[in-house]
Asker: 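I have a structure here, written as structure tokens, and I will follow up with some questions on it.
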Amino acid sequence: MLELGQTWNLIITVMIGIVAYFLRRLDRQIMDNDRDRKREIDELRNDFDEMKEKMPFTYVLREDYIRSMAAFGNKLDKIHEHIVLNKDKG
């Protein structure tokens, strides 16, 4: 039969083993979650980089739009003047 001291040593050893098992399992889960988060961050970075590359072809800057509309308006004004002047001559 085991003595009281040996029994306590056995119980403590088993408890330490159980705690170590759950700590290793928790550490593995944390590492897996960390790996998943890093992969998701990399995917987001790739998506963001891809969006930045496509942006100049998809969107127009406000200043560029204003400039092009002003140029378009000037051309329309010239056409209108030309039509009015030719109408008065004819």
Side-chain angles (χ1 to χ4, degrees):
M1 192 88 27
L2 294 174
E3 293 181 19
L4 185 61
Q6 291 176 333
T7 305
W8 278 112
N9 285 341
L10 181 63
I11 290 172
I12 290 173
T13 304
V14 169
M15 288 174 55
I16 290 173
I18 290 170
V19 169
Y21 169 77
F22 284 112
L23 285 176
R24 269 188 264 130
R25 191 169 142 190
L26 179 65
D27 185 53
R28 226 177 299 128
Q29 287 176 345
I30 290 172
M31 295 300 247
D32 289 345
N33 286 340
D34 188 43
R35 195 176 316 115
D36 291 343
R37 295 303 158 269
K38 286 180 181 178
R39 186 177 27 76
E40 289 173 358
I41 288 171
D42 288 341
E43 288 174 7
L44 285 172
R45 281 188 180 133
N46 291 338
D47 291 345
F48 185 70
D49 289 342
E50 192 176 307
M51 184 185 72
K52 284 194 316 188
E53 289 175 8
K54 291 179 181 178
M55 208 175 248
F57 303 106
T58 307
Y59 299 100
V60 177
L61 291 176
R62 183 176 183 267
E63 293 82 12
D64 291 341
Y65 178 77
I66 291 170
R67 194 176 312 117
S68 66
M69 287 295 109
F72 185 72
N74 288 337
K75 289 178 184 181
L76 285 178
D77 289 342
K78 287 180 183 179
I79 291 171
H80 181 263
E81 288 175 15
H82 182 72
I83 291 173
V84 169
L85 289 177
N86 285 338
K87 182 178 153 186
D88 292 339
K89 287 181 183 178

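Side chains included, hydrogens not; waters and symmetry mates left out as well; all remaining heavy atoms used. Computed from a prediction, not measured in an experiment: that's the story for all the values here.
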Asker: Report the residues that fulfil side-chain hydrogen bond (donor to acceptor under 3.5 Å, both in side chains) with H82, sequence neighbours left out, ordered by chain and then residue number.
Answerer: N86
Asker: Using the salt bridge (Lys or Arg N to Asp or Glu O under 4.0 Å) criterion, which residues pair with R39? Sequence neighbours excluded.
Answerer: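 Partners of R39 under the salt bridge (Lys or Arg N to Asp or Glu O under 4.0 Å) test: D36.
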Asker: For residues 46-53, tabulate all N or O donor-acceptor pairs below 3.5 Å that involve a side-chain atom, not counting sequence neighbours.
Answerer:
residue : atom : partner : partner atom : Å
N46     : ND2  : D42     : O            : 3.3
E50     : OE2  : K54     : NZ           : 3.4

Asker: Going by salt bridge (charged side-chain N to carboxylate O under 4.0 Å, His left out), name the pairs with one or both residues in residues 10-23, residues two or more places apart or in two chains.
Answerer: none
Asker: With a cutoff of under 4.5 Å between side-chain heavy atoms, which Ile, Leu, Val, Met, Phe, Trp and Tyr residues group with M69?
Answerer: V60, Y65
Asker: When you look at D34 and K38, which way does the salt bridge (charged side-chain N to carboxylate O under 4.0 Å, His left out) test go after all the steps?
Answerer: CA-CA 6 Å; D34 188 43; K38 286 180 181 178; 3.6 Å; yes
Asker: What is the distance from atom CD of E3 to atom CG of N9, rounded to the nearest 0.5 Å?
Answerer: 10.5 Å
Asker: Among residues at least two apart in sequence or on other chains, which ones pass salt bridge (Lys or Arg N to Asp or Glu O under 4.0 Å) with R37?
Answerer: E40
Asker: Which residues pass the side chain to side chain contact (heavy atoms under 4.5 Å, CB included) test with V14, not counting sequence neighbours?
Answerer: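 V14 satisfies side chain to side chain contact (heavy atoms under 4.5 Å, CB included) with L10, I18 once adjacent residues are dropped.
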Asker: Can you run down the salt bridge (charged side-chain N to carboxylate O under 4.0 Å, His left out) pairs that involve residues 63-76, sequence neighbours left out, and say none if there aren't any?
Answerer: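 Pairs touching residues 63-76 that pass the test: D64-R67.
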Asker: Mind checking what makes side chain to side chain contact (heavy atoms under 4.5 Å, CB included) contact with M31, not counting sequence neighbours?
Answerer: D27, R35
Asker: Which residues pass the side chain to side chain contact (heavy atoms under 4.5 Å, CB included) test with L26, not counting sequence neighbours?
Answerer: Q29, I30
Asker: Got a sec, which hydrophobics cluster with L44, joining ILVMFWY side chains under 4.5 Å apart, including via others?
Answerer: none
Asker: Go through the steps to decide whether L76 and H80 satisfy the test side chain to side chain contact (heavy atoms under 4.5 Å, CB included), and finish with yes or no.
Answerer: CA-CA 6 Å; L76 285 178; H80 181 263; over 6 Å; no
Asker: With a cutoff of under 4.5 Å between side-chain heavy atoms, which Ile, Leu, Val, Met, Phe, Trp and Tyr residues group with V19?
Answerer: L23
